[in-house]
Amino acid sequence: MKFTPRQIKGNVNISPVSPVKDFFELVLRILGLILAAYILLGLAVDYIAPRVSIKTERKLGRLFSAGLKKGEPSGLEARLQRILDELLEKGRELPPFTYKVYVEGSKKINAFALPGGNIVVFSALLKKADSENELAMVLAHELGHFYHRDHLRGLGRGLIFLLISSVLFGGDSSANNLIHNALTSAQMSFSRSQERAADLYALDLLNKTYGGVAGAVDFFEKMSFKEKCWPVFYVFSSHPYPQSRVAALKEAIKIKGYPVGQKRPNIISEDAIQETKEKDI
């Protein structure tokens, strides 16, 4: 039998598949694997976080509070601490920490909970409050995160991200940013659910402490007027859309039948806030 070789069609030196297509398929597969690993590890964090012992969290709290100022609290912090202490008298099933408020000068309107019972409030947030009830709602919201132990979940997920990005890319900041954006988008809805749960906890605590929920939505209504973004952009945010947040709180007030009650005057003066040096935090 005579062998007759077939004629080769095309150029054997050129791949029939686009290398650009191969590259993007590879990138998508890698991102998919990383995302799956992150989600699985995140579920493990969600399981472990509520089971972390108080003793362990106190140790974590000492680490995180190392950067906070020591010594006697400022007059501003003392006033906020009084509000917090009043809330704590009615707070249900909170972890047994020594809860403390710190004020940091910043142009950002924010407050957050740190392990071990520490709450940090930025000075720009204080400027937005017109009543004590508004400040109490913000502090009660952070206590809601302690009640659900959300801060430990957030810490655990942050450590997972650092671990994954460090193992894969070392100090490559551009690659780290790419992975960070993908992972952040994956957990946004979970973070918003935490915020909603903390809001509901705060609403109930405000009612128990003040005999009503006056001022509960005031701060968030101001933020809704300030925010100009369309709702679709909040798909990529860890916080609920302000208008939706206000609507959800008003609906909860209606369903629970909370009385409105009276607002207490603001105990934080503009002069006291100005004494706190602003930093770009």
Side-chain angles (χ1 to χ4, degrees), residues 76-77 79-84 86-87 101-113 119-145 150 188 191-207 209-256 258-276 278-281:
L76 197 57
E77 290 169 334
R79 292 168 194 164
L80 288 173
Q81 188 67 45
R82 182 187 69 74
I83 298 174
L84 181 64
E86 192 169 354
L87 291 168
V101 180
Y102 294 89
V103 176
E104 293 284 350
S106 176
K107 296 178 182 179
K108 294 182 179 180
I109 302 172
N110 199 11
F112 55 89
I119 298 174
V120 177
V121 180
F122 288 162
S123 57
L125 184 150
L126 300 176
K127 294 178 182 179
K128 296 293 181 182
D130 294 319
S131 68
E132 178 181 319
N133 304 62
E134 288 182 59
L135 296 172
M137 183 66 180
V138 171
L139 294 174
H141 174 89
E142 299 309 323
L143 289 176
H145 285 310
D150 296 331
M188 283 300 98
S191 297
R192 287 194 294 272
S193 70
Q194 290 179 338
E195 294 295 333
R196 284 192 290 268
D199 279 349
L200 294 177
Y201 179 93
L203 196 62
D204 185 65
L205 183 54
L206 196 72
N207 177 59
T209 304
Y210 291 87
V213 293
V217 301
D218 291 0
F219 178 78
F220 303 118
E221 283 185 328
K222 291 171 192 171
M223 293 300 99
S224 70
F225 292 129
K226 179 178 180 294
E227 294 289 345
K228 302 299 182 184
C229 295
W230 292 346
V232 67
F233 290 108
Y234 274 79
V235 172
F236 305 103
S237 171
S238 61
H239 286 69
Y241 183 54
Q243 280 89 338
S244 299
R245 193 173 196 172
V246 169
L249 283 169
K250 287 182 176 179
E251 181 67 16
I253 291 170
K254 182 179 178 180
I255 292 173
K256 294 285 188 179
Y258 292 131
V260 176
Q262 297 293 321
K263 295 181 188 177
R264 294 184 188 177
N266 193 0
I267 61 172
I268 305 295
S269 68
E270 184 70 22
D271 291 339
I273 298 172
Q274 293 297 339
E275 291 175 4
T276 303
E278 287 189 345
K279 298 177 287 186
D280 293 325
I281 297 176

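By convention here, the first residue in the shown sequence is residue 1. For the numbers below, each heavy atom of this structure counts, side chains included, while hydrogens, waters and symmetry mates do not.
- What you find for A111 and E142 is that their closest heavy atoms are O-OE2, 3.3 Å.
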Apply the test side-chain contact (heavy atoms from CB on, under 4.5 Å) to residues Y258 and D204: give CA-CA distance (whole Å), side-chain angles for both, the deciding distance (0.1 Å), then the verdict. CA-CA 8 Å; Y258 292 131; D204 185 65; 3.1 Å; yes

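- Rounded to the nearest 0.5 Å, atoms CG (D218) and CE (M223) are 11.5 Å apart.
- The minimum heavy-atom distance between G211 and P259, with the atom names listed, is O-CG, 3.6 Å.
- Separating the OH atom in Y102 from the CD1 atom in I119 is a distance of 11.0 Å, to the nearest 0.5 Å.
- Put simply, CE on M137 and OG1 on T209 are 11.5 Å apart, with the number rounded to the nearest 0.5 Å.
- Contact detail for G105 and S123: the closest heavy-atom pair is CA-OG, 3.4 Å.
- Using modelled atom types, one side-chain atom of E77 and one backbone atom of V103 make a donor-acceptor pair closer than 3.5 Å.
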Kindly indicate, with the supporting measurements, whether the criterion side-chain contact (heavy atoms from CB on, under 4.5 Å) is fulfilled by E195 and H145. CA-CA 8 Å; E195 294 295 333; H145 285 310; 3.6 Å; yes

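- Of the candidates V120, I83, L84, L76, V101 forms a side-chain contact (heavy atoms from CB on, under 4.5 Å) with just one, namely L84.
- Here the closest non-hydrogen pair linking L200 and A252 is CD2-CB, 3.7 Å.
- In this structure, the side chain of S131 does not engage the main chain of N266 through any donor-acceptor pair within 3.5 Å.
- The distance from atom CG of L249 to atom CG of L203, rounded to the nearest 0.5 Å, is 6.0 Å.
- Judged purely by atom type and a 3.5 angstrom limit, N133 uses its side chain to pair as donor or acceptor with the backbone of R264.
- With K128 contributing its side chain and K222 its backbone, the two residues share no donor-acceptor pair below 3.5 Å.
- Rounding to the nearest 0.5 angstrom, the gap separating the CD atom in E134 from the CG atom in L206 is 10.5 Å.
- Under the 4.5 Å side-chain criterion, counting only non-hydrogen atoms from C-beta, V121 is in contact with L139.
- Here CD1 of I255 is found 14.5 Å from NZ of K250. Values are rounded to the nearest 0.5 Å.
- A pairwise comparison of heavy atoms in F122 and S106 identifies CG-CB, 3.7 Å as the closest pair.
- The shortest heavy-atom contact between A140 and L205 is CB-CD2, 4.0 Å.
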